[in-house]
Amino acid sequence: MSSTDKVILVTGGAGYIGSHTALLLLEAGYKVYIIDNLDNSVEEAIERVAKLAGKYRKNLFFYKVDLRNKDQLEKIFSMVRFDAVVHFAGLKAVGESVAKPLLYHENNLIGTLNLLDLMNEHGCTKLVFSSSATVYGQPKSVPCTEDFPLSATNPYGRTKLFIEEIIRDVQKADPEWSVILLRYFNPVGAHQSGLIGEDPRGIPNNLMPFVQQVAVGRLAELSVFGTDYPTRDGTGVRDYIHVMDLADGHIAALRKLFTGAKGCSVYNLGTGRGTSVLEIVAAFERASGKKIPLKFIGRRAGDSSEVYASTEKVERELHWRARYGIDEMCRDQWNWARENPWGYRAPDSMQQSVESSRF
Ligand code: NAD
Ligand code: UD1
């Protein structure tokens, strides 16, 4: 069977990483069914994916469903036979998870349990799951390899840790299952068209969307969290990865599953290179021609000084490596920001809610 015959369920496909991955899946010839409750996204993102997909748009389907609603989910599984699932859907704001742990455990865990149960029932046993570098807790050294000890420092991270373990149990119980857990480092950037990108609700928690909103004048200045880390310029170092590279990592993972990979494997998706906060700011200023005013404040609680990935395993086994550097990440982030300073939502736009659509 070629990829053209394969049908992929993409949960959370209206979101930031899901929308970029859905586009690459379509372009690779897959049929893509997106399920999303639009809790942290809008249908416009899927419409833009359809537009970018051109002749492949006929292979894109969307259902507005909450994974916690098992009856609705069951209807979709009864209607369509999925060859594999790419599971992005989940809540991801660390601070919010500390304030609302039950919401995070309920949404991320119950949603995943429903999904796994229905996959079992309907004989769909191939899964790619969005995990996070957060499962390394505060790593004792860098680069992080996949066999590092795992821990969580907040409820969001704990949901990722628990889901990884649950999936391992499911796969052990039934060796028919083949699973790839992908641990993302810091996804940034946008599709080169500037049509799709990250559109956080409220004030962004993460560095790049914050910098972007300062550049377009939505926020006045960037607070730099900590200048006394043992790094080259005293600010925190992270492994930023272009979202298109990240999306491509999912294509590589599916290829591996469809060529007979067995068991449950885990891979880092990062570049293997660390970049400091001040280096990001400088690169964004170069890309945008905008000055980013800075305020230097104390460290953010729970932050590590330096986190970046070992990419040896993913390069060796999935034959994947990141292609883009910081300058391209900032170029594409700025392109998206400039074209869509308010994200998908013009300040006065009305969003329609549609139960299901074919594009
Ligand atoms: P996102 O919020 O843009 O996308 C997640 C999507 O899931 C949203 O569209 C949301 O509406 C949907 N969703 C949430 N709960 C749902 C539910 N119960 N039923 C149906 N849909 C639901 O986030 P993203 O940045 O695209 O992240 C995708 C995945 O990758 C998440 O699981 C996230 O934890 C993980 N991840 C993200 C990052 C990051 O920095 N962006 C880093 C590591 C891991
Ligand atoms: C975040 C998540 C983490 C997730 C990771 C990868 C939080 C608290 N943690 O962490 O769970 O695994 O992304 O997606 O959200 N910074 C500033 N000013 C800001 C924002 C950030 O100086 O306004 C600094 C931070 O201190 C850090 C760097 O920028 O050094 C990156 O921060 P961020 O984008 O939040 O990513 P992580 O800290 O890796």
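No hydrogens, no waters, no symmetry mates; every other heavy atom, side chains included, goes into these values. Order of appearance sets the numbers: ligands from 1, and atoms from 1 within every ligand.
- The shortest N/O to N/O separation between Ser131 and ligand 1 does not fall below 3.5 Å.
- The backbone of Val65, and not its side chain, has at least one atom closer than 4.0 Å to an atom of ligand 1 (non-hydrogen atoms only; backbone = N, CA, C, O).
- For atom 25 (C) of ligand 2, the nearest protein heavy atom (residue, atom name, distance) is Asp303 OD2, 3.5 Å.
- Among all non-hydrogen protein atoms, the one lying nearest atom 41 (N) of ligand 1 is Lys92 NZ, 3.6 Å.
- Residue contact annotation: Pro187 has a non-hydrogen atom under 4.0 Å from ligand 1.
- Ligand 1 has a nitrogen or oxygen under 3.5 angstrom from a nitrogen or oxygen of Phe88.
- For atom 30 (O) of ligand 1, the closest non-hydrogen atom on the protein side is Tyr184 CE1, 3.3 Å.
- Counting protein heavy atoms only, atom 5 (C) of ligand 1 is closest to Gly90 O, 3.8 Å.
- Of the candidates Phe296, Phe185, Tyr240, Tyr184, Tyr240 brings a heavy atom nearest to atom 31 (C) of ligand 2.
- The residue Val307 has no part lying near ligand 2, judged by heavy-atom distances below 4.0 Å.
- What sits closest to atom 19 (C) of ligand 2 on the protein, heavy atoms only, is Phe225 CE1, 3.3 Å.
- Ranking the protein heavy atoms by distance from atom 2 (O) of ligand 1 puts Asn40 ND2, 2.7 Å first.
- No part of Ser304 comes within 4.0 Å of ligand 2, judged by heavy-atom distances.
- At the shortest separation from atom 27 (O) of ligand 1 among protein heavy atoms lies Ile17 CD1, 3.7 Å.
- Here the protein heavy atom with the shortest distance to atom 8 (C) of ligand 1 is Asp36 OD2, 3.5 Å.
- Among protein heavy atoms, atom 10 (O) of ligand 2 sits closest to Arg300 NH2, 4.0 Å.
- Contacts between Asn205 and ligand 2 below 4.0 angstrom, taking non-hydrogen atoms only, involve the backbone exclusively.
- In the vicinity of Leu38, heavy-atom distances shorter than 4.0 Å reach the ligand 1 atoms 11 (O).
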